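Reading through the structure tokens given below for one structure.
Protein chains get the first letters and strands the later ones, always in sequence-line order, with residue 1 at the start of each. All values derive from a computational prediction rather than experimental measurement. When reading the values below, keep in mind they use all heavy atoms of this one structure, side chains included, and skip hydrogens, waters and symmetry mates.
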Amino acid sequence: MGKEVSESCVDSLLTEMVASYCDRFYANKSELAARRIEAIGYQVGHQLSERYTMERPRFTDHLEAIKFICKDFWSEVFKKQIDNLKTNHRGTFVLQDNRFRWLAHMSVDPSLENGGASQDPSDAGESKAAQATSMHLYFPCGIIRGALSNLGIPCAVSAEVSNLPACSFVVRIKA
Amino acid sequence: MIVCVAVVGHQNNPLYIQSFTEADDALKLHHIVHCSLDVIDERVNNPRKSGPMLNETFLGLLYPTENYKVYGYLTNTKVKFILVTTDLDVRDADVRNFFRRFHAAYVDAVSNPFHVPGKKITSRTFAERVSNIVKSFGFSSG
């Protein structure tokens with residue numbers, strides 16, 4: 001039997017976690033905050049991958065594991081699959097989600113957008129907004145890294161936001 | 001009767017090992033478990049080409065000794081489960097069913113946020129669940 005989770009609760013929890021780490025525990029040390037949030041994601045991914053790989057045969061290669069992340073793992077966590085997977089066949093994979101659930105209800109704070117109005121209005125606002133969204137992506141990055149590490153694939157994961165609900169995760173497998 | 005079950009981590013570190021005998025033969029059983037790790041390695045690195053399921057988690061009978069039968073199971077996350085039993089006519093389906101339930105118990109145990117990955121499983125709930133699964137081994141055919 002599937003268990004249900006309130007989406008707005010998860011959204012609020014994620015937002016609150018990012019806010020706590022960025023503004024309270026590690027105010028002005030965004031690097032450290034990012035690492036802490038990523039570490040929480042890592043543990044979550046580690047545990048989830050254990051559960052979701054239960055009744056399936058072992059993976060033979062990296063591509064199979066990545067496909068598992070794109071399809072089954074993503075469906076379990078986000079109720080949808082990754083929209084596009086690209087690879088250079090040398091250990092780098094780009095997973096693109098056109099409507100990433102945790103960014104879907106996110107809007108950019110208008111005060112941020114107007115913040116740099118005096119000089120270069122679009123630039124300053126956009127970079128601040130991009131920073132704010134990217135802080136929210138360390139958690140899912142950690143989840144992917146945790147899941148893959150648990151499957152025996154050490155890797156580094158980073159995220160890029162193009163236009164808001166869409167984002168892509170770049171997985172670099174360590175040789 | 002199941003005399004010993006063990007969980008071994010991906011670096012061959014013991015995560016949980018429990019014997020279910022009255023006699024003082026824990027050391028002997030641990031030795032059997034230890035030996036079976038090599039057999040698992042061999043199975044995984046040189047899979048038999050004819051095998052129906054190449055990468056199945058259930059590894060089947062690892063090796064029979066004079067008194068025991070040893071079965072193995074390897075998860076996707078390279079965690080090994082080992083079962084030592086004294087029953088000589090064991091049905092494969094029973095063993096599969098055992099490992100499936102054991103795996104579920106293991107997953108629940110490691111999903112505990114207070115469990116440190118790679119450390120021994122000390123949860124009492126897990127121990128109780130395992131002993132229940134061990135007791136019901138062979139009776140449930142579903």
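- In terms of heavy-atom proximity, B:T75 sits nearest to A:R58 at O-CD, 3.6 Å.
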Check against side-chain contact (heavy atoms from CB on, under 4.5 Å), B:R100 and A:E55:
CA-CA 8 Å; B:R100 213 183 58 241; A:E55 313 243 319; 3.1 Å; yes
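- Both B:V70 and B:M1 belong to a common hydrophobic cluster when Ile, Leu, Val, Met, Phe, Trp and Tyr are linked at side-chain heavy-atom distances under 4.5 angstrom.
- Of the two parts of A:E50, the backbone and the side chain both hold a non-hydrogen atom closer than 4.5 Å to a non-hydrogen atom of chain B.
- Within 6.0 Å of NE2 on B:H34 lie no more than 12 heavy atoms contributed by other residues, nucleotides or ligands.
- Of the atoms belonging to B:N112, it is backbone heavy atoms, and not side-chain ones, that fall under 4.5 Å from chain A.
- In this structure, chain A has heavy atoms under 4.5 Å from both the backbone and the side chain of B:H103.
- Residues B:S111 and A:Q47 bring no donor and acceptor atom of their side chains to less than 3.5 Å of each other.
- Other residues, nucleotides and ligands contribute over 12 non-hydrogen atoms within 6.0 Å of the NZ atom of A:K80.
- No chain of hydrophobic side-chain contacts below 4.5 Å, direct or via other Ile, Leu, Val, Met, Phe, Trp or Tyr residues, connects A:L103 to A:V170.
- Atom OH of A:Y138 is surrounded by 12 or fewer heavy atoms from other residues, nucleotides or ligands within 6.0 Å.
- Once rounded to the nearest 0.5 Å, the distance linking OH of A:Y52 with CG of B:N76 reads 15.0 Å.
- The cluster map of Ile, Leu, Val, Met, Phe, Trp and Tyr, joined by side-chain heavy atoms under 4.5 Å apart, puts A:L13 and A:M135 in different clusters.
- You'll find the side chain of B:V110 stays beyond 4.5 Å of the side chain of A:R51, heavy atoms only.
- Transitive grouping of hydrophobic side chains (ILVMFWY, heavy atoms separated by less than 4.5 Å) brings A:L63 and A:V171 into a common cluster.
- For B:F58, no part lies near chain A; criterion is any non-hydrogen pair under 4.5 Å.
- By the criterion of side-chain heavy atoms lying less than 4.5 angstrom apart, applied directly or through intervening Ile, Leu, Val, Met, Phe, Trp or Tyr residues, A:F139 is not grouped with A:Y42; the two fall into different hydrophobic clusters.
- Residues A:M54 and B:Y73 approach most closely at O-OH, 4.1 Å, considering heavy atoms.
- Note that the NE2 atom of B:H10 and the CG atom of A:N150 stand 8.0 Å from one another [nearest 0.5 Å].
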